[in-house]
Structure formats: C-alpha cells, structure tokens
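Just follow the structure's listing: the first ligand is 1, and inside any ligand the first atom is 1.
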Amino acid sequence: MRTAYSVQTVRSAERALMARLPEGALMQRAAAGLAAACAELLGRVYGRRVVLLVGSGDNGGDALYAGARLARRGAGVTAVLLASPEKTHAGGLAALVAAGGRPVAGDRGADAVARADLVVDGIVGIGGRGGLRADAVPLADAVERARAAVVAVDLPSGVEAGSGEVRGRAVRADLTVTFGTHKPALLVDPAREYAGSVRLVDIGLRPKLPAEPELEALQHTDVAALLPRPGAASDKYRRGVVGIAAGSARYPGAAVLAVSGALRGGAGAVRYVGPAGDAVLARFPETLVSDRGPKEAGRVQAWVVGPGAGDDASAVGEVLGQDVPVLIDADGLRLADRAAVRARTAPTLLTPHAGEAAALLGVAREEVEAARLASARELADRYGATVLLKGSTTLVADPGGGPVRVNATGTGWLATAGSGDVLSGLAGSLLASGLTARDAGSVAAYLHGLAGRYAADGAPAGAHDVAAAIPDAWRDVLS
Ligand SMILES: NC(=O)C1=CN([C@@H]2O[C@H](COP(=O)(O)OP(=O)(O)OC[C@H]3O[C@@H](n4cnc5c(N)ncnc54)[C@H](O)[C@@H]3O)[C@@H](O)[C@H]2O)[C@@H](O)CC1
Ligand SMILES: Nc1ncnc2c1ncn2[C@@H]1O[C@H](COP(=O)(O)OP(=O)(O)O)[C@@H](O)[C@H]1O
Ligand SMILES: [K+]
C-alpha cells in the first residue's frame with residue numbers, strides 16, 4: 001500500500017523524530033537523497049550546470065545542501081535566491097558557498113535557468129499556501145521555456161500539498177524527490193501531473209507516522225489479497241449474484257457493457273432486469289434475464305442501477321428499497337432520492353464522473369476537477385454513501401472520514417464512451433462477492449485501469465475491449 005499523510009501529520013512526525021536526532025540531521029538525510037537522485041538524472045555530475053531555485057524556508061535549505069553535494073562532485077552550481085541572503089537558510093547557503101557554489105539574486109534567475117542542465121526547485125514545499133507568489137512566477141516561466149531537467153524538492157512548488165489542488169501557477173517537474181512520506185498532492189490530480197515521476201527518500205519518519213493515513217493507493221499485492229477466489233465449496237450462488245438494472249430502449253448498449261464488466265468481476269451469476277434483455281442475451285447468453293422489475297427479479301447479493309437508464313426512476317427507487325449493497329451510476333445518480341440513499345442501512349456506492357458529481361453538489365464541473373479530494377469527501381458525507389469519483393486519478397471516499405483510496409492505474413484511453421458502464425458492472429460484481437463498498441470500488445478502479453492499458457496498448461480501444469481485457473488485468477495482479 002502506498003500512503004500519503006496530511007501536512008499537519010507530517011509536521012508532528014518530523015518534530016517527534018527531530019527531538020531524537022542531532023540538529024540538522026533530517027535535512028542532511030533529505031539533501032543526500034535529493035543529491036543522489038539529481039546525480040542519477042544527470043548521469044555525469046562533473047562539469048554540468050545545476051541551478052537551484054531557493055525560497056526562504058527549509059525547502060530552500062534542502063536544495064542548498066544538495067547543491068553543495070553536487071558542487072563537491074564538480075558541478076557548476078548557481079543558487080537563485082528568492083529572498084535576501086539574510087533570510088535564506090543560513091547553514092545551507094554557507095555549505096553551498098564553501099563547496100564553490102555561487103548565489104545570485106532572484107532577478108538574475110531566468111538567465112541562469114536558460115543555460116542549466118538541471119534545475120532544482122526548492123522554492124517552497126509543505127510550507128506553501130496558494131499558487132506561486134508573484135516574485136516566483138518569472139522563474140516558473142523560465143523553467144517552462146528551458147530545456148533543463150527539473151527536479152522538485154519534496155513537492156512541485158505552488159501546488160497545495162494536502163489536497164492536490166493547484167490554485168495559481170506551479171512549477172512543472174520531471175521528477176519530484178519527496179521526504180519521509182508521500183503528500184496527497186503527489187497522488188491526486190491536478191497536482192500529481194505537475195510532479196512528474198515521484199521518488200520517496202526514507203528519512204526515518206515512518207515509525208512516527210500514525211496508522212491511519214490521509215490517502216491510500218492499493219498496489220498489486222493489496223488487490224491480490226482482496227480478489228474473490230472460488231474454493232471447493234463454491235457454487236454460483238455462494239460466489240454471489242449481481243443484479244444489473246440498466247439500459248433503456250434508447251441506450252441498450254449501456255446494459256450490455258455493464259453486464260460485460262459484471263461477468264468478469266467475480267460474481268457467480270449476473271441477473272439483468274430492464275428493457276435491453278434481448279441485446280444483453282444476444283451478446284452474453286450466460287446472463288439471467290428477467291422481464292420483471294428489480295423487486296420481483298429474484299435474489300441478488302448486490303445491485304447496479306443507472307447506466308443508460310434514461311429518465312425511468314422506478315428501478316432506482318425499487319433497488320434503493322432493498323437491503324443489499326447498491327451501486328448507483330450515471331442516470332441513476334440524478335434519479336436517486338438523497339433521503340432514500342441516506343436512509344439505507346446496507347452499503348451504497350455512488351460512481352459519478354466529475355460532471356455528475358458537480359451536478360449533485362450544485363457546483364461547476366471545473367470546481368470538482370480542481371478539488372477532487374474535497375469533492376469526493378463532501379459528496380460521501382452529503383449522501384451518507386461511499387463515493388467513487390472517476391477521472392484520471394479515481395478517488396474512493398467513505399462517509400464519515402477515514403483514508404481515501406486513490407487509484408492511478410488508469411490511462412487517458414479509458415476516456416471513451418461506455419467505459420464507465422464497464423466499471424460499474426465490475427464494481428457491482430465485486431460487491432456481490434462480498435467486498436465492502438470501499439474495497440469493491442477501489443479494486444474495480446484498479447483492475448479497470450489496468451484493463452484499459454492492456455486493451456489500448458498505445459492505440460484507441462472501445463469500452464468492450466476494456467471489458468474483454470479485465471481477465472488479463474486480474475491475472476497480472478495475481479502473477
Ligand atoms: N521539517 C523537517 O524535519 C524537514 C523538512 N524538510 C523540508 O522542509 C520543507 C518545509 O519547510 P518550511 O516549513 O520552512 O516551509 P517551506 O520551505 O516549504 O515554505 C516556506 C517558505 O516558502 C515561502 N512561501 C510560502 N508560500 C509561498 C508561495 N505560494 N510562493 C512562493 N513562496 C512561498 C514562505 O515565505 C517561506 O519562506 C519541506 O517541504 C521539506 O522540503 C526536509 O528537510 C526534511 C526534514
Ligand atoms: N484521463 C483519464 N485517465 C484515466 N482514466 C480516465 C481518464 N478519463 C476518464 N477515465 C476513466 O474512464 C472511465 C469513464 O467513465 P465515464 O465518464 O462514466 O464514461 P461513460 O459514461 O461514457 O461510461 C472512468 O473509469 C474514468 O475514471
Ligand atoms: K519545491
């Protein structure tokens with residue numbers, strides 16, 4: 001499991017650790033890891049031009065000490081100081097100068113950046129608020145114009161560490177070297193995109209961090225442990241039956257795609273109710289098709305309702321009244337009565353994309369995209385339901401707090417019509433096989449993302465290709 005902690009938690013863990021260590025020891029660990037990553041990126045250090053962008057805090061201190069290490073190995077190091085030398089990290093500045101590095105004032109920074117092989121962004125780390133300040137913006141512009149590789153110290157400067165929001169200008173890095181633990185901004189878009197690839201440097205913080213993180217990102221082994229596996233005593237009913245109430249005369253394809261995901265999600269049987277039974281059977285003869293409403297269709301262990309449902313609210317109402325886990329997607333989100341969702345005692349999983357989440361929250365889509373973490377949490381609390389917010393980084397939030405799951409296995413190729421229907425069927429199938437809403441949502445997002453990669457393999461793929469690739473993703477996780 002990859003985890004990320006809030007700024008407040010990082011700060012108190014650092015205080016606890018620092019109390020047991022000699023002055024400056026943590027910063028030396030950070031700087032050593034940072035310098036090693038820079039050296040690796042440069043290939044050869046001797047004779048290379050390194051430019052440090054140095055803010056007045058400890059983030060700048062890290063950059064200066066790392067710069068000193070690179071200067072000792074023969075790099076030409078220039079430190080662009082955003083503050084006066086008196087307000088710059090004193091120990092770091094002294095170390096840099098002693099190693100032969102050259103400090104220059106901020107207004108000379110752009111020229112230095114233009115000639116650099118490597119830029120180290122130490123403007124601001126977890127101490128930042130809002131986008132970059134006006135005096136740092138020309139440097140971010142120069143970095144964008146330059147051909148140099150860009151390494152961010154702890155975080156790309158200008159992103160909101162705790163939320164992943166980017167409220168103004170921020171530095172775009174090729175690599176971010178972060179210390180002690182990931183910060184939420186390194187896992188959640190839009191900030192994640194600014195970070196480039198991320199390397200975590202161990203500074204000994206882990207034992208001081210609490211058990212419960214802010215964010216969790218499942219890895220292969222975590223998903224493998226959660227995947228349902230049939231045993232000798234299994235039969236199709238014990239494996240779970242998932243009910244799909246989806247599709248309409250206008251959108252029969254949504255039903256077919258939701259079923260296609262559900263058939264690959266671990267349930268022992270898929271029951272379909274709705275007006276697209278013929279289309280479903282033509283494609284998937286193994287489906288149990290019922291011509292009755294969800295109430296009379298027979299027992300299921302979980303329902304998926306909403307994909308391609310159009311304006312028919314009756315199935316949504318019927319499903320919400322049943323005491324089994326329910327996944328609500330697409331049109332179902334608009335049709336579901338909030339009070340009815342809140343009143344449920346069995347788990348409910350809502351799977352909106354940003355536009356649907358925005359409509360439910362009464363804000364603009366752009367606001368949800370800008371504040372994904374806060375939006376998922378807010379929606380979970382308003383509905384008293386688990387929320388899976390789709391997008392480039394998919395988030396899964398339980399109501400009442402606790403760690404939010406973040407999934408990054410996806411690919412932009414998944415942004416294709418109907419791929420959300422496949423996801424809802426897959427997640428519903430995992431719900432029916434007994435996973436919690438949070439596990440079903442995050443495991444489904446993980447497999448769906450991998451399946452998207454297998455299906456696309458560098459070229460466009462349709463939603464049905466994604467569904468067909470789910471078994472490859474499953475095998476990959478178990479291998
Ligand atoms: N506390 C610790 O034990 C450790 C901290 N480390 C480093 O220390 C950093 C935190 O240091 P600080 O608490 O000094 O804070 P930062 O250095 O992250 O930020 C504070 C400085 O940034 C400026 N600033 C704030 N918002 C800004 C904005 N929007 N645009 C431009 N400048 C802005 C402030 O004027 C202040 O000088 C971490 O991110 C990490 O890099 C590491 O050395 C590891 C150990
Ligand atoms: N840029 C992206 N990177 C990764 N995954 C994405 C991206 N854009 C969309 N997706 C994923 O693609 C799927 C699209 O679902 P959705 O928006 O509901 O489409 P539809 O309604 O057509 O089925 C979701 O799983 C979402 O997380
Ligand atoms: K930084």
Residues [X], [Y]: salt bridge by 4.0 Å N-O rule:
{"X": "R250", "Y": "D312", "value": "no"}
{"X": "D398", "Y": "R405", "value": "no"}
{"X": "E14", "Y": "R29", "value": "no"}

Atoms of ligand 1, numbered as shown, that sit under 4.0 Å from any heavy atom of [X]:
{"X": "R11", "answer": "13 (O)"}
{"X": "S56", "answer": "35 (O), 36 (C), 37 (O)"}
{"X": "M27", "answer": "43 (O)"}
{"X": "G128", "answer": "25 (C), 26 (N)"}
{"X": "L26", "answer": "3 (O), 45 (C)"}
{"X": "M18", "answer": "1 (N), 2 (C), 3 (O)"}
{"X": "R129", "answer": "26 (N), 29 (N)"}
{"X": "E14", "answer": "1 (N), 2 (C), 3 (O), 4 (C), 5 (C), 45 (C)"}

For [atom], what is the nearest protein heavy atom, given as residue, atom name and distance?
{"atom": "atom 15 (O) of ligand 1", "value": "G127 CA, 3.5 Å"}
{"atom": "atom 10 (C) of ligand 1", "value": "I126 CG1, 3.7 Å"}
{"atom": "atom 22 (O) of ligand 1", "value": "V124 CG2, 3.5 Å"}
{"atom": "atom 9 (C) of ligand 1", "value": "N59 N, 3.6 Å"}

- Task: Supply the atom-to-atom distance L320 CG to T348 OG1, rounded to the nearest 0.5 angstrom.
- Result: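 Taking CG in L320 and OG1 in T348, the distance rounds to 7.0 Å.
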So which atom in [X] and which in [Y] form the shortest heavy-atom distance, rounded to 0.1 Å?
{"X": "A116", "Y": "V51", "value": "CB-CG2, 3.6 Å"}
{"X": "V396", "Y": "G441", "value": "CG2-C, 4.1 Å"}
{"X": "I470", "Y": "G261", "value": "CD1-CA, 4.2 Å"}

- Does ligand 1 have any atom sitting under 4.0 Å from a heavy atom of A136?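 It does not, in that no heavy atom of A136 comes within the 4.0 Å cut-off of ligand 1.
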- Query: Within the side chain of R453, is there an N or O that forms a donor-acceptor pair under 3.5 Å with the backbone of G410?
  - Reply: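 Indeed, once roles are kept as given, a pair shorter than 3.5 Å links the two residues.
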- Item | Flag, side chain of R48 to backbone of L42, donor-acceptor distance under 3.5 Å | yes
Out of [options], whose heavy atom is nearest to [atom]?
{"atom": "atom 39 (O) of ligand 1", "options": "L155, D135, D154, L132", "result": "D154"}
{"atom": "atom 40 (C) of ligand 1", "options": "D58, V10, D62", "result": "D62"}
{"atom": "atom 33 (C) of ligand 1", "options": "H89, R133, R15", "result": "R133"}
{"atom": "atom 20 (C) of ligand 1", "options": "G57, G33, A63, A31", "result": "G57"}

- Tell me, which pairs form a side-chain hydrogen bond (donor to acceptor under 3.5 Å, both in side chains) where one or both residues lie in residues 151-170, sequence neighbours left out?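 Applying side-chain hydrogen bond (donor to acceptor under 3.5 Å, both in side chains) to every pair that reaches into residues 151-170, excluding sequence neighbours, yields D121-S157, D141-R169, D154-T178, D154-K183, E165-R167, R167-E367.
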- Taking it one step at a time, do H464 and L257 satisfy side chain to side chain contact (heavy atoms under 4.5 Å, CB included)? CA-CA 7 Å; H464 65 281; L257 289 167; 4.2 Å; yes
- Task: Return a yes/no value for G125: is any of its N or O atoms, backbone included, closer than 3.5 angstrom to an N or O of ligand 1?
- Result: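 Right, the criterion is met.
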- Message: G131 versus ligand 1: do any nitrogen or oxygen atoms come within less than 3.5 Å of each other?
- Response: yes
- Answer whether the closest heavy-atom distance between the side chains of L379 and L361 falls below 4.5 Å. yes
- Message: Counting C-beta onward and ignoring hydrogens, is there a side-chain heavy-atom pair between H182 and P213 closer than 4.5 Å?
- Response: no
- Message: Using a strict cut-off of 3.4 Å, how many protein N/O/S atoms surround the K ion (ligand 3)?
- Response: 6
- Message: If we count only N and O atoms by modelled type, under 3.5 Å, do the side chains of H220 and D476 hold a donor and an acceptor together?
- Response: yes
- Hey, are S84 and E86 close enough side-chain-wise for a donor-acceptor pair under 3.5 Å? yes
- With a cut-off of 6.0 Å (strictly less than), are more than 12 heavy atoms of other residues, nucleotides or ligands near OH of Y383? yes
- CA sep, side-chain torsions, deciding dist, call: L423, T394, side chain to side chain contact (heavy atoms under 4.5 Å, CB included): CA-CA 12 Å; L423 176 72; T394 289; 5.8 Å; no
Check: residues 199-209 side-chain donor-acceptor pairs under 3.5 Å, at least two apart:
from : atom 1 : to   : atom 2 : distance (Å)
R199 : NH2    : E40  : OE1    : 3.3
R199 : NH2    : E40  : OE2    : 2.7
D202 : OD1    : G204 : N      : 2.8
R206 : NH2    : T3   : OG1    : 3.0

- Task: Determine, stepwise, if the pair L227 / L447 fulfils side chain to side chain contact (heavy atoms under 4.5 Å, CB included).
- Result: CA-CA 10 Å; L227 288 180; L447 291 172; 3.9 Å; yes
Sub-3.5 Å pairs, protein N or O with ligand 2 N or O:
from     : atom 1 : to   : atom 2 : distance (Å)
ligand 2 : 3 (N)  : T411 : O      : 3.4
ligand 2 : 5 (N)  : T411 : O      : 3.4
ligand 2 : 12 (O) : L414 : O      : 3.0
ligand 2 : 12 (O) : S419 : OG     : 3.3
ligand 2 : 15 (O) : G420 : N      : 3.3
ligand 2 : 18 (O) : K390 : NZ     : 2.6
ligand 2 : 22 (O) : G418 : N      : 2.8
ligand 2 : 23 (O) : G418 : N      : 3.3
ligand 2 : 23 (O) : S419 : N      : 3.4
ligand 2 : 23 (O) : G420 : N      : 2.7
ligand 2 : 23 (O) : D421 : N      : 3.4
ligand 2 : 27 (O) : G391 : N      : 3.0
ligand 2 : 27 (O) : G391 : O      : 3.2
ligand 2 : 27 (O) : T394 : OG1    : 3.3

